[in-house]
Each structure stands twice: as structure tokens, then as C-alpha cells.
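A quick note: this is a predicted structure, and the numbers were derived from the prediction, not measured. Order of the sequence lines fixes the chain letters, A, B, ..., with proteins taken first and strands second; residue numbering starts at 1 for each chain.
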Amino acid sequence: MPDDLLEFPVTPTPLPAMNQTPSAPRTRFAPSPTGYLHIGGVRTALFNWLVAKGQGGQFILRIDDTDQQRNVEQALQPILEGLRWLGLDWDEGPEIGGSHGPYYQSQRGQLYQQAVQKLLETGAAYWDYATPEEVAQEREAAQREKRPWRYSRRWMAATEEQRRRFEAEGRRGVVRLKMPQEGTCVFDDLIRGRVEVPWAGEQDHVIQRADGSVLYHLASVVDDYHMQITHVIRAEEHLSNTPRQIFIAQALGYPLPRYAHLPYVAEPGSRNKLSKRKLKKYLNQPDFRKVYEAGTRIMQALGRPVDPETFNPVMVQFYRAVGYLPEAVLNYLVLLGWSLDERTEDFSREEMLRHFSLDRVNRAPASFDPAKLLAFQQRWMQRVPLAEKVRLVLPYLQEAGLVPNPLEPNAPLARRVEQVVHYAEDRITVAGDILQFAYMFQGDEEFPYNEKDFQKRLLKPAEAAELLEAFAQELEQLSPEQFLASRIQELMQQFVEKHSIKIGQIIHAVRVAVTGQAVGFGLFETLEVLGRQATLGRIRRALRLVQEKRSGE
RNA sequence: GGCCCCGUCGUCUAGCCAGGUCUAGGACACCGGCCUUUCAAGCCGGCAACACGGGUUCAAAUCCCGUCGGGGUCACCA
């Protein structure tokens, strides 16, 4: 036996861990119904889902609504929709039930009452009759004297008689935890390793309010036990809550779950926690702004209001609305704090399930970078076959009123959608990008001209209109059947030689005349898809506009 | 402030536990070039980091101590 092994200090066994059947973890995601799904929240859900489903276990969704009187159902919908969109299906929870229900904390009051009762009986908790003001006074006094504060237990009722006395004074009791005052709480965190917290720093937390309702920590511990949760995987902000939960669990005689505290997701370019309320600040960040504005443009093209309450790159709804692929969002998210090795970046759902493990989760917080998310989106989108892309893009065209809904599969317009997606393929990174090509679906007299582009390519160059006119005459020589990209290109080359001009002198003018803007996919393809009649009509409209503007000056 | 956690390119990270193969690897962003009818895409190239200071060691991003910095948490919120 090696010497250093002999010298290894004998450590007291940490708190008993739950008897593991390592085969089937049960994890849970426990959001409170706030009406939106935060990026950090989904990542927590993802990791929980991966641990459970990667090892043949169950992923449970539980709603922490102990404090909500609002419309829970309504505030819950965006969360459920978001999880479903991403494919993070739950095995037990709202809308599907399960054998450990109900899955709303507001409906599990009886379980909590029993737990409180037991805590009271065993002396792990006590009735307390301090008013909130009295407690605040104590705390402030301690603060003034710069000493650590602990509740004095002055209004603790140790006996039934004391309770009656306090109540006779008109006081209403809460139930507090009777926390240990010395020693250390030790637990093994799956991500952080051994964590030690002195009990002396813990308060006698309230677990039941004066109105009889119960607080989060109690509910959470009781539920985790009854739902047989094996791994509590949650955000780091709960790390310092863990000792009190361990205390509750042990006092109740529950085996402990394993804990894993994920580093939180930080703001772009800083170490602060990502918050949905700081949208304005994040917009100062160029990458963030770029992603947001691209999204905003899509919403505007759809005629949807841009509501900062719901349309915000900090929330998953944003990505769904704009047309990201769930695969891309998951791929980005899984790498936010986790990695497999030094090079693998592409993870499908199946690959994540196969490879994910908590021991490769990073301990430091990770900044959210929407530009990198976009890069993943681009990669995933490149792999989507044409027919599927058409399917993704269609709802955007329909909502914008550019294409009827439903669209007959064999209608000429269906063919056009396909062509546009085909030619614009590299330019469509999110489904909503199709709306950049709205001009391909608008009437020849309706599509708008970008003023700056019109100015630059048609108005300002002295010869532009004349050349355009001449080129239109050449185009007229082609029959509708001859109106093909290759033929048009040939024609233009001849045209350029004939007039001894550079191709740039005509091609930009044609593009702006026909599309209304200076950017787009291949011009010859654009003309082909538009067809002879539309092309000529649009050029005539542009020439007319040039004339109007010139004479108007 | 107490307690807890964290600290590798601007960002996500690999490497750290088992010190040399690290003149620190990959990706995003950025910059430059090629391609080109525009803008993208694509291809090629470039910039760029071990928070700091002490130890231990022949050798430290890796081990130890300290400092600094950042964050979380301290509710009759979740």
C-alpha cells in the first residue's frame, strides 16, 4: 500500500446519499408560471432532460406556483409550448399527468401540511410569533452594529401554552425551521465537488406563512421526495439554498437526491446574470443588436407588433417566432457550459443524449452569444433539404399575405416559392428570411423601391435610364419560353460588348428596376423566375418613375 | 458586509484531477485575400488568452499559499 494512502486523512462520511439505482434517473424542471421561457431556464431544462433521457430515466415537469394567484394556465402556455417546440418532452407533468401527480404545487397542499406537522413534532421546526416588523428590527439592529444577524427566537413558542398566550395577544404564527447553530453542512455537488457551508450562517427560515400557506423550499423538498427525484439539477443561485433543503429532507427522514448546480448564463460580454429586463442594455452590443434587428425586420414584414415583453432574444419565443430550427437552438445551448472534447461541436438530439454527462459541465458562468447561436442556425439550415425548407418558409409568406393559405401544391405560386427558396438558399438562414424576397411575390406595380438604391443605380448615373431602356428592348426579343437565366446572361454580355460598357453599368440598374433593391440572389435567375412579362413591366415602371422624378425636380 | 461559487483569446471552450508532447488546440466574432453582377454563402489566411504575486519542482495553464477581480445568496419570492 502506498504511503500517501496511509496518510490520507480520515474524513467523516458526508451526508447519506440516496440509494442509487444508477440505471434510471428521475430529474425535474420546475418553472414558475411567468409567461415566458428564459434562455437560462431552457438550458437547465435541457440538462435535466439529457440526464434523464440519456440514461433511460424520466424527465418530470412540475409547476412551482406556490405564490401565484394569477392566471397560471395562461402564464404556463408559452413555457409548455417552448419546451415542446424544442422537443424537450416530459414524461410526467401538466397536460399529460403521471403517477406522482398532481404536478402543480398549488394542488399539493396536503402533502406539505403533513410535512410541516412532522417537522413540528420532531422539533426540527417551531411556531414563531414575531411580527415581520419585529424581525426586521432585529435585523437592522444587527446591521447597524455590523454583526452577523440571526433570529433570536424571542417569539418562539416552545409549548402549546405559549402558543395560546401569543395568540391571545392577537399574534399569528408562522412556522420556522430550527436550524443547527454549529457544525458544517457538507454535500457533494456533481459539478462543483465537495461544498461545505457552516450551519451557523443559516437562518431559521420560515416554511409556513401566517396564512397557513407554505414556502418554496419546503414544497420543493417534499415534492422532490414524493416524485422520487434522483438528481436535482438547477441553477447556481440555488447552491446556497441547498443546506436548508438538506436540513428539511433529513429532518423528514428523506434520502437525499444528488445535487448539481449549473453555472448561470451570463449577459453577452459580461459576467452578470442574463436578464430579460435588460434588453436595452444588451442592444448596445453589436452582435446582440444585429440578431435582434434581423428579428424585428421579420416581425415588421409580418405586421406583428414587436412587444419587448415577449419578443426578446433572451427568451426562446424569439427564436421560434423568427424561424430558427429547434435543433440549432439546442445545439448552441448544450455547448453553453458543456463540451465533449476539444473539437466536436455538432450535436443532434441523439448525439447529445449519447454523450452528455454532468461531469463535463464547466464551473464558470457562460455568456450568452446570440451571434454564435446564429452560426449554429446557419449550419443546421444548410443541411435542410429543399422541400423541407419550403415547408418551413411557407407560413411566413402566408402570414405576410404574399401567398394564399392554403396554397394548392400544384399552383404556379407553389412552384415559385420553390424556385425562390432554391436560388436564395444560402441567404435564408432563418425561415423568416424568406421575407427579404417579398418582391418575388408582390405585384409588378406594388413592390416598393428602396429609395437609396433607386437613387444610386437609376437616378444618379446619367446613362442608366437610357441603357435600361435599350436593354429592355433586347429582352423583348426573347419569347417567354426563351426567358431563361442562361439566355438572358448571354444577351446581357452581347449588350455590354455592343455598347462597350462595363457590366456593372447595366446589371445594377436592372436589379433595382426589377426587385426594388440592390441586393438579392443571382440576377439572371431572378429574371427567369419573374418571367418575361413581369420583368418588362417592372422595368417600364422603373423608367416611368425615373422620368417622374427627373421632371419633378 | 457574512457565507458560498468562479477566474484560459472579445465570446463559447479544450488542456488542469494523473506537471514536460502547450512556441496553449478548436469554434463564433473581427480583419485581410480569393471567387464574383450586388449582398451573402464558400474557400484560404491573420489577429488574439493561461487575472496577479509568491512558493514547490530540473520543469507549472496544470500542484500549494496569498492577493485581486467577478458573480451568487443572505424574504412570511421562486
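Across every strand in view, B/G45 sits in a pair with B/C31 that passes the Watson-Crick or G-U test at under 3.5 angstrom.
Counting to the nearest Å, the C1' atom of B/U38 and the NZ atom of A/Lys502 are 15 Å from each other. Atom C1' of nucleotide B/A14 and atom CG of A/Leu335 are separated by 12 Å, given to the nearest angstrom. Computed from coordinates, the A/His261 NE2 to B/A78 C1' distance equals 14 Å when rounded to whole Å. The interatomic distance linking A/Asp287 (CG) with B/C12 (P) rounds to 13 Å, in whole Å. Between the CD atom of A/Glu236 and the P atom of B/G7 there is a distance of 11 Å, rounded to whole Å. Rounded to whole Å, atom P of B/A78 lies 13 Å from atom CD1 of A/Ile207.
Among the atoms of the strands shown, none is found under 4.0 Å from any heavy atom of A/Ala219. Residue A/Phe521 is in base contact, counting any heavy-atom pair closer than 4.0 Å across all strands shown. If you check every strand for non-hydrogen atoms under 4.0 Å, A/Pro148 touches nothing. Within the nucleic acid shown, A/His217 comes within 4.0 Å of at least one base atom, counting heavy atoms only. Residue contacts for A/Tyr264: at a heavy-atom cut-off of 4.0 Å it reaches the sugar-phosphate backbone alone, with no base atom in range. Note on A/Gln378: only backbone sugar-phosphate atoms sit closer than 4.0 angstrom, heavy atoms only; bases stay farther off. Contact annotation for A/Arg172: no contact, since no heavy-atom pair falls under 4.0 Å across all strands. At the heavy-atom level, A/Arg511 lies under 4.0 Å from base atoms of the strands shown.
One donor-acceptor pair, N or O on each side, does fall under 3.5 Å between the base of B/A27 and the side chain of A/Lys372.
When distances are taken from the side chain of A/Gln382 to each of B/C28, B/G42, B/A78, the shortest belongs to B/G42. In this structure, the nucleotide among B/U13, B/U37, B/C30 sitting nearest to the side chain of A/Leu523 is B/U37. Checking B/U38, B/A78, B/A27 against every side-chain atom of A/Glu345, the shortest atom distance belongs to B/A27. For A/Asp426, the listed nucleotide lying nearest its side chain is B/A41; candidates were B/G71, B/G26, B/A41.
The residues A/Glu237 and A/Lys273 are annotated as salt-bridged, a charged nitrogen and a carboxylate oxygen being separated by less than 4.0 angstrom. Salt bridge annotation for A/Glu327-A/Arg383: absent, with no cationic side-chain nitrogen under 4.0 angstrom from a carboxylate oxygen. Using a 4.0 Å cut-off between a side-chain N of Lys or Arg and a carboxylate O of Asp or Glu, A/Lys372 and A/Asp287 do not qualify as a salt bridge.
For the C1' atom pair drawn from B/A48 and B/U8, the interatomic distance equals 12 Å after rounding to whole Å. When the P atom is used for both B/G72 and B/U56, the distance is 38 Å, rounded to whole Å. Nucleotides B/G69 and B/C44 have their C1' atoms positioned 40 Å apart, rounded to a whole Å. Look at the C1' atom in both B/C35 and B/G42: the space between them is 9 Å, to the nearest Å. Distance noted for atom C1' between B/C64 and B/G19: 13 Å (whole Å). B/C43 and B/A18 are spaced 42 Å apart, taking the C1' atom of each and rounding to whole Å. For the C1' atom pair drawn from B/A61 and B/C52, the interatomic distance equals 14 Å after rounding to whole Å. Remark: the separation of the P atoms in B/U13 and B/C3 is 29 Å, to the nearest Å.
Between the side chains of A/Asp64 and A/Gln105, at least one donor-acceptor pair of N or O atoms lies under 3.5 Å. A/Arg511 and A/Thr515 form no side-chain donor-acceptor contact under 3.5 Å, judged by distance and modelled atom types alone.
Nearest-nucleotide positions on RNA chain B for A/Ala371 and A/Ala130 put A/Ala371 closer to the 5' end.
Annotation: side chain of A/Leu392 is not in contact with side chain of A/Ile434 (no heavy-atom distance under 4.5 Å).
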